[in-house]
K.L.:
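Mind having a look at this structure? Questions to follow.
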Amino acid sequence: MAHTTTAHTTTGTGERAGTTLQDRVRSVLAAHRLDDWHLRPGAFWCSVTPPGGTTRVQGWKLHLSATPLSAEAVLTRAAEVLARHRCAYKFAATPARVAELCSRAADRAGGGKFLTVYPDDDGPRLRALAAELHDATQGLAGPGILSDRPYRPGSLVHYRYGAHRGVTVLADDATRTAMLRAPDGSLRRDRRTAWFAPPDWAPRDPFTFTEPTEPGTPATPRPVLLDGRYVVEEVIRHAFTGGVYRATDRHTGASVVVKQGRPHTDATLAGRDIRDARRHEAAMLEEFAAGGLTPRPVALFEQQGDLFLVLEDLPGVTLRRWVADRLTTGDADRGLPHDLVVRLALRLVDLVAYAHGKGYVLRDLNPANLLVTEDDELRLIDLELLVRHREPITRAHTPGYAAPEQRAAPPGATASFSSDLYSLGATLFHLVTGADPLLAPDEPPLRTDRQRLGEWLGHLGRDDPTARRLTPLVLALLRTDPARRPALVDVRRALTGRAARPTAPAPRPDLTPLTDGCLAHLLATMDPGGTDRLWPPSPYGATSDAFNVQHGAAGVLGVLARACRAGSGPAVREATAGAAAWITRHVGREPRVLPGLYFGRSGTAWALLDAAEALDDRALADVAAALARHVPLAWPNPDVCHGTAGAALTQLRFWEATGAGDFLDRARAGAAALAAAATRRAGRLLWPVPPGCLSDPAEVVHYGFAHGTAGVGACLLAVGLATGDGDHLAHADAAARTLLAAADVTDGAAYWPAGPSGGPRRTTWCGGSSGIGTFLLRMWSASGDTAYLDAAVRAAVAVHRSRRHAGTAQCHGLAGDGEFLLDLAEVCGEERYRDWAEDLAGCLHARHTLRAGRVLAPDETGTSVHADYGTGLAGVLAFLLRLRDGGPRLWLPRTLTGAGTTAGRAPTASLGKGVT
């Protein structure tokens, strides 16, 4: 089943409504003469605190849920109780924020938490407070909170043990986190799970006096039987609104899909929720059953308050998956075959025509809601938003696929067939490109979305005749004016007859404005006077260390240093010096030193070293060296991004730059720790990341460069080459052979899953072909073993084929993939790999946005611009600068990047054939 991203907006959720919630609290505070209390509005939360604020570090706390419709009443009644108890709290600032907390996009561990209460004890006052809040809000609507235990069955009041003020530190995953203090004084992460799981050392449950459950784990799973006949076999997806499951019907033996609806989730101001959507979908399945274009409805029932819709489990894959799979085959290097695209496009037109013929508007036509069966027929698999033509609607859509009039539907708007025509055009865009038609807005808006998507198609049409032939039709369907979109009969005629003249192939874009624009934007948005951040971060980056490579100032500094060395002018030199000075001035405020190269202090030291070399600044080099010597090497996480491998690579780079023997000794120590941490499972050499070191509470076992075998293998290879240590070289060889065995080769392209447990095939630097290819290429350069070169070349084929639908970023997108292709061009001396890298740069350019006259690349979301190296603009610029100026890849030691350009060079020490 497909996941639909929807944005529900209802009347009265704007600024005026937000002010109403705050005014309710102000009135309560005034009535109780609490003039010295503080009400602090924020972007999402409003906090209400007595003088002195919240003083407790941790303890049991209360959460109240609400819907957009009930939020005002819940808040007003709760505020009265909290004022009498003189208790601090926070609440979601507007009904629109409440809707987000109730939506299917809400985090399952945080969903429903409209109001958080911070009691001042864990005993009698807590219990009295909970009882009064329960009585005050009884009968009002609100969803159950999965991370908490309800105070009473059906109560809006829930509770869990967690941080109040917390002890804010930099956690192992480099996010700034409010930690809990255990009885032994150690700090533990306040893990928010989608089930009630207080720490094992937490005080007894204040309401039931039962022993806490085991921390961080749900109850032992048992077979789930629904309605006495459906045995759940598999989770297709989880959501706060309810899961989607694959089950077996015990009566018939058939496989079915079960869609759950939890009460009061996805709620609106109209009083509807996900259960209404499930009932509506059931009715639509019945309505469409005779056409054979949708799954067959099987059952609709309630169990324990939840609503369940059971439908036929159709064999096949979503159109999104179907397109991605076919774009990885050998005959798709120039796009999908025209006849194949036209055949599926006609089926798509038939499906829309059938719905319109019955008087219905689909409203959510997109590749995730379409199933391609085993015989290449199309089925519509999500009918939640179907309504009658001209029926009143609320605003709901999937970004990128909704018509402008649907995205901006005002109160009283009605459904129109023409909006489906736009969605048809957007879906055809995806069918041709494999990408979603999402764009970062121009500021100011100088180009229409249709114009920009036409430029994107024009770029792809350089080597894709199908894109050239379908571009006129796609752009006609994407017209802003609904009246000018072609009717379905005209769409069918365009597909089957003589269509409009194909667009001419676009020339390869000039990358200079994009390169110059990205660099100028970094200079313009740098804030040397800021204390928290040197560049505005991405939303996730704001939670991360301000000085690291991935999201912080070090990553941008490394790119500025590269531009400085290339002679980009005095402004760049000044910015490089200013960024280095800012980091040097502020980095000491963070007392916890993490070792990783991308998320830890190793990358910060490395960036300062690069800046020192670019500026010829000996004092700065000394600062960088002192910081590098302070990096810990003994660490439970072995990976490059967060752990020991990244630290050891950094020590090696400082030895290369300084010749200081202690750096080489430290690199040896790091490599020795990695060798000791290696494990063999099913004949493969792996480096598991222990539970909790990353955001995942479970053990992580990856093949990729960021967190797994490829990155650790590259570190062992580099240290082995530098020191002549045969054991490290043997471990590197065994790591490489593990990756050879794990490769999934399809039509000459090599892909890898995340790890031994499988999963989707990946091409990214962090976890797929381009990162693994980076390591295997260096293995070939060091050993001359052509098996490694063959695998690296196949990885490059996979990377090149993914260019149409890959993201933009260094970590998992076009910029990092392009760096690997440049590696291959340099090491092998073959120009075609540089040409492939330019193809990827062209795909980046096709998605560009204009900001203040600058041509910029969007970040990994495709819809915004942020400076972050790993996920944003700086990483794209690093690739573009290297493509223009040459030079070694950032964040790899010269021992690897300068290992030679031809196979068969004499290695520093003999490479072994593996370890046991």
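Everything numeric here is computed off the predicted structure, so don't read it as measured data.
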K.L.:
Quick check: does any side chain N or O of R468 sit under 3.5 Å from a backbone N or O of G461, one acting as donor and the other as acceptor?
P.N.:
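Between the backbone of G461 and the side chain of R468 there is a qualifying donor-acceptor contact (under 3.5 Å).
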K.L.:
Does G768 offer a backbone N or O that forms a donor-acceptor pair with the side chain of T763 under 3.5 Å?
P.N.:
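Not a single qualifying donor-acceptor pair exists.
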K.L.:
Compute whether any side-chain donor of one residue and acceptor of the other, for T515 and T512, lie under 3.5 angstrom apart.
P.N.:
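Per modelled atom types, T515 and T512 side chains form no pair under 3.5 Å.
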K.L.:
Between T177 and M179, is there a donor-acceptor pair closer than 3.5 Å when you use the side chain of the first and the backbone of the second?
P.N.:
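No.
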K.L.:
Quick one: closest heavy-atom pair of A628 and Q651, and the distance?
P.N.:
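Looking at all heavy atoms of both residues, the shortest contact is O-NE2, 3.0 Å.
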K.L.:
With side chains defined as the heavy atoms from C-beta onward, is the minimum distance between Q22 and P41 less than 4.5 Å?
P.N.:
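Yes. Closest side-chain heavy atoms under 4.5 Å.
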K.L.:
Does the side chain of F663 reach to within under 4.5 Å of the side chain of L652, using non-hydrogen atoms?
P.N.:
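F663 does not reach L652 side chain to side chain.
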K.L.:
Output yes when a side-chain donor or acceptor of R573 lies under 3.5 Å from a complementary backbone atom of L615, and no otherwise.
P.N.:
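Pair found, side chain donor or acceptor close to backbone of L615.
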K.L.:
Which pairs pass salt bridge (Lys or Arg N to Asp or Glu O under 4.0 Å) with one or both residues in residues 581-598, sequence neighbours excluded?
P.N.:
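Output for this query lists D172-R592, R176-E590.
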K.L.:
side-chain contact (heavy atoms from CB on, under 4.5 Å), that's the test. Do Y833 and E826 meet it? Break it down for me.
P.N.:
CA-CA 9 Å; Y833 298 122; E826 291 175 359; over 6 Å; no
K.L.:
Given 3.5 Å as the limit, does a donor-acceptor pair link the side chain of S103 with the main chain of E100, or not?
P.N.:
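Yes, because the side chain of S103 sits within donor-acceptor range (under 3.5 Å) of the backbone of E100.
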K.L.:
side-chain hydrogen bond (donor to acceptor under 3.5 Å, both in side chains) with D696: which residues, sequence neighbours excluded?
P.N.:
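If we apply the side-chain hydrogen bond (donor to acceptor under 3.5 Å, both in side chains) test to D696, skipping adjacent residues, there are no hits.
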K.L.:
Evaluate the criterion salt bridge (Lys or Arg N to Asp or Glu O under 4.0 Å) for residue pair R462 and E838; output intermediate values, then yes/no.
P.N.:
CA-CA 13 Å; R462 286 186 61 250; E838 290 182 352; over 6 Å; no
K.L.:
Could you walk me through whether Y540 and T175 satisfy the side-chain contact (heavy atoms from CB on, under 4.5 Å) test, starting with their C-alpha distance in whole Å, then the side-chain angles of each, then the deciding distance to 0.1 Å, before giving a yes or no?
P.N.:
CA-CA 9 Å; Y540 180 81; T175 58; 3.1 Å; yes
K.L.:
State, yes or no, whether a side-chain contact exists between V799 and L840 at a heavy-atom distance under 4.5 Å.
P.N.:
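With C-beta onward as the side chain, the pair touches.
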K.L.:
Any donor-acceptor pair under 3.5 Å linking the side chain of R889 with the backbone of L822?
P.N.:
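Such a contact is absent between R889 side chain and L822 backbone.
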K.L.:
Taking the side chain as every heavy atom from C-beta outward, state whether L453 and L439 have any atom pair closer than 4.5 Å.
P.N.:
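Sidechains of L439 and L453: in contact.
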K.L.:
Check whether the ring centres of Y598 and W765 lie less than 6.0 Å apart, and answer yes or no.
P.N.:
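Y598 vs W765: aromatic centres under 6.0 Å.
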K.L.:
Evaluate ring-ring contact (aromatic ring centres under 6.0 Å, His included) for H551 paired with H866, printing each intermediate quantity in order.
P.N.:
CA-CA 9 Å; H551 297 292; H866 291 99; over 10 Å; no
K.L.:
Donor-acceptor pair, distance only, cut-off 3.5 Å: does the side chain of R97 make one with the backbone of A43?
P.N.:
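At least one qualifying donor-acceptor pair exists.
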K.L.:
Enumerate the ring pair (Phe, Tyr, Trp, His ring centres under 6.0 Å) contacts for residues 434-460, please, sequence neighbours excluded, ordered by first and then second residue.
P.N.:
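Sorted result for residues 434-460: F429-W456.
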K.L.:
Calculate, to the nearest 0.5 Å, the distance between atoms CG and OG belonging to N548 and S602 respectively.
P.N.:
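Between atom CG of N548 and atom OG of S602 there are 11.5 Å.
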K.L.:
Between the side chains of D616 and R565, is the shortest nitrogen-to-carboxylate-oxygen separation below 4.0 Å, so that they form an ion pair?
P.N.:
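No, this pair does not count.
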K.L.:
For the CZ atom of R407 and the CG atom of D449, what is their distance to the nearest 0.5 Å?
P.N.:
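One gets 6.0 Å once the value is rounded to the nearest 0.5 Å.
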K.L.:
In terms of side-chain geometry, is the basic nitrogen of R447 or E455 positioned less than 4.0 Å from the acidic oxygen of its partner?
P.N.:
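Judged by the 4.0 Å cut-off on N to carboxylate O distance, R447 and E455 do form a salt bridge.
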K.L.:
Which heavy atom in L101 sits nearest to a heavy atom in A106, and how many Å separate them?
P.N.:
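That closest heavy-atom pairing would be O-CB, 3.5 Å.
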K.L.:
Given 3.5 Å as the limit, does a donor-acceptor pair link the side chain of T808 with the main chain of P858, or not?
P.N.:
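Indeed, once roles are kept as given, a pair shorter than 3.5 Å links the two residues.
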K.L.:
Tell me if a side-chain donor or acceptor on W836 pairs with a main-chain N or O of L821 at a distance below 3.5 Å.
P.N.:
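No: the side chain of W836 does not pair with the backbone of L821.
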K.L.:
Under 4.5 Å between any side-chain heavy atoms of L608 and T584, yes or no?
P.N.:
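Yes, at least one pair of side-chain atoms sits under 4.5 Å.
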K.L.:
Compare all side-chain heavy atoms of S802 with those of L327 and state whether any distance is below 4.5 angstrom.
P.N.:
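A side-chain contact is absent here, since even the closest heavy-atom pair is not under 4.5 Å.
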K.L.:
Just by distance, do the side chain of E860 and the backbone of H812 share a donor-acceptor pair under 3.5 Å?
P.N.:
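Looks like no, no N/O pair under 3.5 Å.
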K.L.:
Nearest 0.5 Å, what's the NE2-SG distance between H848 and C518?
P.N.:
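H848 atom NE2 to C518 atom SG measures 10.5 Å (nearest 0.5 Å).
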K.L.:
Before giving the answer on side chain to side chain donor-acceptor pair (under 3.5 Å), spell out for D839 and H800 the whole-Å C-alpha distance, their side-chain angles and the decisive distance to 0.1 Å.
P.N.:
CA-CA 8 Å; D839 287 343; H800 188 243; 2.8 Å; yes
K.L.:
Can you list the residues that meet the side-chain hydrogen bond (donor to acceptor under 3.5 Å, both in side chains) rule with T604, with sequence neighbours excluded?
P.N.:
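By the side-chain hydrogen bond (donor to acceptor under 3.5 Å, both in side chains) rule, T604 matches R601.
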K.L.:
Please evaluate residues L519 and S568 with respect to the criterion side-chain contact (heavy atoms from CB on, under 4.5 Å), reporting the C-alpha separation (whole Å), side-chain torsions for both, the decisive distance (0.1 Å), and the verdict.
P.N.:
CA-CA 9 Å; L519 182 58; S568 294; 4.1 Å; yes
K.L.:
Heavy atoms, side chains only, cut-off 4.5 Å: are F705 and F820 in contact?
P.N.:
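Contact flag for F705/F820 side chains = no.
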K.L.:
For T480 versus P404, what's the shortest heavy-atom pair and its separation?
P.N.:
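Smallest heavy-atom distance, with atoms named: CG2-CG, 4.3 Å.
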K.L.:
Can a side-chain donor-acceptor contact be found between T849 and D442 if the only test is distance below 3.5 angstrom?
P.N.:
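T849 and D442 do have a side-chain donor-acceptor pair below 3.5 Å.
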K.L.:
Roughly how far apart are D545 CG and F599 CZ, rounded to 0.5 Å?
P.N.:
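Interatomic distance, D545 CG to F599 CZ, rounded to 0.5 Å: 10.5 Å.
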K.L.:
Between C46 and A93, what is the shortest heavy-atom contact and its length?
P.N.:
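Residues C46 and A93, closest heavy atoms: SG-CB, 4.1 Å.
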K.L.:
For a quick test of reading the model, state the closest non-hydrogen atom pair linking A878 to L890 and the distance between them.
P.N.:
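It is CB-CD1, 4.0 Å.
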K.L.:
OG1 of T650 to CG of L597: how many Å apart, nearest 0.5 Å?
P.N.:
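One gets 4.5 Å once the value is rounded to the nearest 0.5 Å.
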K.L.:
Could you report the tightest heavy-atom contact between H805 and G434, atom names first, then the distance?
P.N.:
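Scanning both residues completely, I find the closest heavy atoms to be CB-O, 2.8 Å.
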K.L.:
Classify the side-chain pair T895/E656 by whether it contains a donor and acceptor separated by less than 3.5 Å.
P.N.:
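Note: T895 and E656 side chains meet the donor-acceptor criterion.
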K.L.:
CZ/R452 to CG/L457 distance, rounded to the nearest 0.5 angstrom?
P.N.:
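CG of L457 is found 13.0 Å from CZ of R452.
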K.L.:
Can you check whether F879 reaches L844 side chain to side chain, under 4.5 Å on heavy atoms?
P.N.:
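In contact.
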K.L.:
Is it true that E613 and R618 make a salt bridge, defined as a side-chain N closer than 4.0 Å to a carboxylate O?
P.N.:
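Looking at R618 together with E613, the answer is no, because their closest N to O distance does not fall below 4.0 Å.
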K.L.:
Could I get the full list of side-chain hydrogen bond (donor to acceptor under 3.5 Å, both in side chains) partners for S538, not counting sequence neighbours?
P.N.:
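S538: side-chain hydrogen bond (donor to acceptor under 3.5 Å, both in side chains) contacts with D868.
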K.L.:
For residues W582 and F547, establish whether the separation of their ring centroids is below 6.0 Å.
P.N.:
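They qualify: ring centres under 6.0 Å apart.
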K.L.:
If you count the non-hydrogen atoms of other residues, nucleotides and ligands that lie under 6.0 Å from CD in E574, is the total more than 12?
P.N.:
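Atom CD in E574 is not crowded, with 12 or fewer foreign heavy atoms closer than 6.0 Å.
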K.L.:
Can you pull out every salt bridge (Lys or Arg N to Asp or Glu O under 4.0 Å) where at least one residue sits in residues 512-527? Sequence neighbours excluded, please.
P.N.:
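Counting only pairs at least two positions apart or across chains, the salt bridge (Lys or Arg N to Asp or Glu O under 4.0 Å) contacts touching residues 512-527 are D516-R884.
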K.L.:
Hey, are R778 and D823 close enough for a salt bridge, meaning a charged N less than 4.0 Å from a carboxylate O?
P.N.:
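Yes, this pair counts.
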K.L.:
For the pair R803 and D817, evaluate salt bridge (Lys or Arg N to Asp or Glu O under 4.0 Å) and give the outcome as yes or no after the intermediate values.
P.N.:
CA-CA 9 Å; R803 66 193 182 279; D817 293 352; over 6 Å; no
K.L.:
Kindly determine whether V549 and W606 satisfy side-chain contact (heavy atoms from CB on, under 4.5 Å), including the steps that lead there.
P.N.:
CA-CA 9 Å; V549 165; W606 194 322; over 6 Å; no
